[in-house]
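Bear in mind the structure is a predicted one, so any value in this text is a computation, not a measurement.
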Amino acid sequence: MGAARPAGGLLLTAAALWAQSGVPPLDLRPDWRRIGSSAVEMSLAALATGPVERVWYAPDGAALLIRTSSGKTFESRDFESWTASGDGLVPPPLPEAPALRKPEPAALVRAHPGHPARLYALGRSVYRSEDAGRSWANLTAWRQDSILGDGMHDLAVSPRNPDEIAVANDFGVWRSVDGGASWSGLNDALPNLPVRRLLSLPRGMNGARVMLDRAGVETEIEWTPGERVAWKPNAGGERDARRKRDLSEALRTKVTAWAEVSPYLYAGAADGRIWVSADEGRTWLDPRAGSGAAVEALWVDPGDARRALAALAAGDGPRLLRTVNGGLFWDDISANLPNAPLHGVAADRVSGAVYAAGDRGLFFALAELRAAGPAPRWVPVGGSLPAAAVKDVRLDEEGNQIYVALEGQGVFAATAPHRQLDPRVVSAADYTARPAAAGARRRVQGGRGAWGRAGG
């Protein structure tokens, strides 16, 4: 199947038409599909998710409500599915119940109003007492670990059943209906996956790898091909964290982002400074002066490593920077991007398409990546993508597919909108451009196919 290839003036022509008409030259409403779920298999009592700070029951005990570490509140009435809480109001913590003694010095003690002798306590584990705190039974310890995970934050007792309790911790929300003898997780459908970075994209037999930030602890997880239930920890995946630690020691600062295309190595710091090395880190240019906003992501042109983009978590001012000379000079191309932190950036060097991910969503522009020039015009990318902060964005190697990491929601993918400027025929299985075998299914990426021809 044939597809017309653009002339060298693709970027200039599309950008010029955009400037004259004020209308983007392509449809920015792609059809997104979810990659994986929002739950993680962590070898606990059930599937886990991200941190939950508060948990409480409705006054009649018919609903359970929570607040996640990102500040969102959710409600469940069937103790399986969750909906965003309409009012978002969080009640103040209940006063602690009196106890003869605590199982841990700093444990939080709760009681059912009609059963003052039945106490529950929350510390490193969950405990129950039947004698007002004289003795305690540990409900969650298994050898040296907790079957609910670490980082306990809150405990609630159902007002209609003293045997029903719920616990919030760094791994989600958990419920017992038999006084803590057994536990179930309520995390399968809870949109609370704290994904922060896309580390690798699905390709062939390799799955997607992402970085979670659970209460300041970074963890790599993977969605393997054929998986249908949950993300799994990636035991051997520590390259990103290890590289940031090494660069932080070498540059004597906290490195928050890095990227390399040999021999160039880029490193961004928590204070906004950006270092560039042209010899794989042996020597460094003087850094770009910091603005106080952390460098969240770096993109480097794989064909010419002197060209790079940097996304900063700044509320206003420079939020997206460009260099075309290996860091000798950075110019601000934020232009009309919303005044909100950015977390990710990706670009297609051929078309000049740039995607910026941030707290206000995903944005697109056609920018000059080969030389300094005017800042581009940015427009939002919509479609079926859930409303949430976008924590990262990446394009596959061919620039056919775009992937985003959404706060709480997980990972989504779609045909990259800029592909409409340059349609390609790709494999229908993995969207890569390669020769077709007999019987292989093909797909036109970025356009509609009207006819095809094979073998002359």
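For the pair T415/Q401, a side-chain contact is recorded, criterion being any heavy-atom separation below 4.5 Å from C-beta on. Here the side chains of L47 and V229 are in contact, with some heavy-atom distance below 4.5 Å. V126 places none of its side-chain heavy atoms less than 4.5 Å from the side chain of W174. Side-chain contact between I402 and P417 is present, with at least one heavy-atom pair separated by less than 4.5 Å. By the 4.5 Å heavy-atom criterion applied to side chains, P386 and W32 are not counted as neighbours. No side-chain heavy atom of V324 sits less than 4.5 Å from a side-chain heavy atom of R370. Here the side chains of L65 and T73 are not in contact, with every heavy-atom distance at 4.5 Å or above. Residues V210 and W231 form a side-chain contact, since some pair of their non-hydrogen atoms from C-beta on lies under 4.5 Å apart.
No cation-pi contact links R306 to Y264, judged by a cut-off of 6.0 Å to the six-membered ring centre and 45° from its axis.
Although no hydrogens or angles enter the test, the distance criterion places no donor-acceptor pair under 3.5 Å between the side chain of D316 and the main chain of N339. At least one donor-acceptor pair closer than 3.5 Å links the side chain of W82 to the backbone N or O of L186. Side-chain atoms of N169 come within 3.5 Å of backbone atoms of G172 as a donor-acceptor pair (strictly under, hydrogens ignored). Of the possible polar contacts, none joining the S38 side chain to the N192 backbone as a donor-acceptor pair under 3.5 Å is found. When atom types are taken as modelled, the side chain of S277 and the backbone of T283 share a donor-acceptor pair closer than 3.5 angstrom. A donor-acceptor contact shorter than 3.5 Å links the side chain of R214 to the backbone of T49. Between the side chain of N234 and the backbone N or O of R209 there is no donor-acceptor pair closer than 3.5 Å. Although no hydrogens or angles enter the test, the distance criterion places no donor-acceptor pair under 3.5 Å between the side chain of R196 and the main chain of D213. Of the possible donor and acceptor atoms, none in the side chain of K391 sits under 3.5 Å from a partner among the backbone N and O of V195. Listed for the R360 side chain is no donor-acceptor partner under 3.5 Å among the backbone atoms of P380.
Scanning both residues, W299 and A346, for their nearest heavy atoms gives CD1-CA, 4.2 Å. Shortest non-hydrogen contact noted between L321 and W330 is CB-CE3, 3.8 Å. Considering all non-hydrogen atoms of both residues, E53 and D154 come closest at O-CB, 3.6 Å. Across A46 and G185, no two heavy atoms sit closer than the pair CB-N, 3.4 Å. Across all their heavy atoms, F364 and A353 have their closest contact at CE1-CB, 3.5 Å. When all heavy atoms are compared, the tightest approach of D331 to T323 is OD1-N, 4.5 Å.
Ion pairing of R203 with E398 is present here, as a side-chain N (NZ or NE/NH1/NH2) and a carboxylate O approach within less than 4.0 Å. Note on D246 versus R242: no salt bridge recorded, every NZ/NE/NH1/NH2 to OD/OE distance being 4.0 Å or above. Here R197 does not pair with E218 in a salt bridge; the nearest charged N to carboxylate O distance is not below 4.0 Å. Salt-bridge annotation for D301 and R349: present, with a side-chain N of the basic residue lying under 4.0 Å from a carboxylate O of the acidic one.
For the atom pair CG (L198) and OH (Y403), the distance works out to 10.0 Å, reported to the nearest 0.5 Å. In this structure, CG in D359 is found 7.5 Å from CD in E407, a value given to the nearest 0.5 Å. Atom CD in E41 sits 11.5 Å away from atom CD1 in I221 (nearest 0.5 Å). Note: E80 CD to D188 CG = 8.5 Å, rounded to the nearest 0.5 Å. If you take CD1 on I66 and NE2 on H153, they are separated by 12.0 Å, rounding to the nearest 0.5 Å. The structure places CD1 of I333 at 4.0 Å from CG of L320, a figure rounded to the nearest 0.5 Å.
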### Message
The test is side-chain contact (heavy atoms from CB on, under 4.5 Å); show your working for N206 and S200 and say whether it passes.
### Response
CA-CA 9 Å; N206 296 320; S200 68; over 6 Å; no
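By the neighbour-count criterion of 12 heavy atoms within 6.0 Å, atom CZ of R29 is sparsely surrounded, having that number or fewer from other residues, nucleotides or ligands.
Remark: of the listed residues L298, L328, L285, L285 is the sole one forming a side chain to side chain contact (heavy atoms under 4.5 Å, CB included) with V276.
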